[in-house]
Amino acid sequence: MDATRPTHQPIGMTETERLLIQAREIALRVMGEATEAAVLAVFGQLCVEQDALKEGMTVH
């Protein structure tokens with residue numbers, strides 16, 4: 001997969017797939033590259049934020 005190409009989110013995508021794509025895009029934008037480690041670090045934070053939102057907590 002070419003990490004520099006725009007992504008298209010197909011219908012029926014799982015929440016995990018959507019978050020991974022979002023994590024890759026954030027890693028590219030913020031860090032300038034989408035290494036596996038960078039994507040997983042961002043993905044982990046996105047998961048924490050999603051869980052907090054589901055529980056009604058404030059996300060900073």
Side-chain angles (χ1 to χ4, degrees):
M1 181 184 308
D2 182 358
T4 61
R5 291 187 318 165
T7 57
H8 302 284
Q9 297 183 8
I11 295 173
M13 181 179 293
T14 68
E15 182 70 8
T16 300
E17 291 169 320
R18 187 185 68 74
L19 288 173
L20 279 168
I21 289 170
Q22 188 177 1
R24 186 182 74 210
E25 291 171 350
I26 292 169
L28 278 170
R29 189 172 60 246
V30 174
M31 300 171 199
E33 61 182 334
T35 64
E36 183 176 340
V39 172
L40 290 176
V42 175
F43 176 74
Q45 183 60 37
L46 288 174
C47 290
V48 168
E49 291 176 6
Q50 285 292 316
D51 290 345
L53 289 173
K54 289 177 185 175
E55 295 176 12
M57 299 171 64
T58 303
V59 178
H60 296 281

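Bear in mind that the values here come from a model prediction, so they are computed numbers and not experimental data.
With sequence neighbours excluded, the residues forming a side-chain contact (heavy atoms from CB on, under 4.5 Å) with L46 are L19, Q22, A23, I26, V42, E49, listed by chain and number. The salt bridge (Lys or Arg N to Asp or Glu O under 4.0 Å) search around E15 returns R18, not counting sequence neighbours. Checked against side-chain contact (heavy atoms from CB on, under 4.5 Å), E17 has the following partners two or more places apart in sequence or in another chain: M13, T14.
Atom CG of L40 sits about 7.5 Å away from atom CG of L20, to the nearest 0.5 Å.
Closest approach of A38 and E33 over heavy atoms only: CB-O, 4.4 Å.
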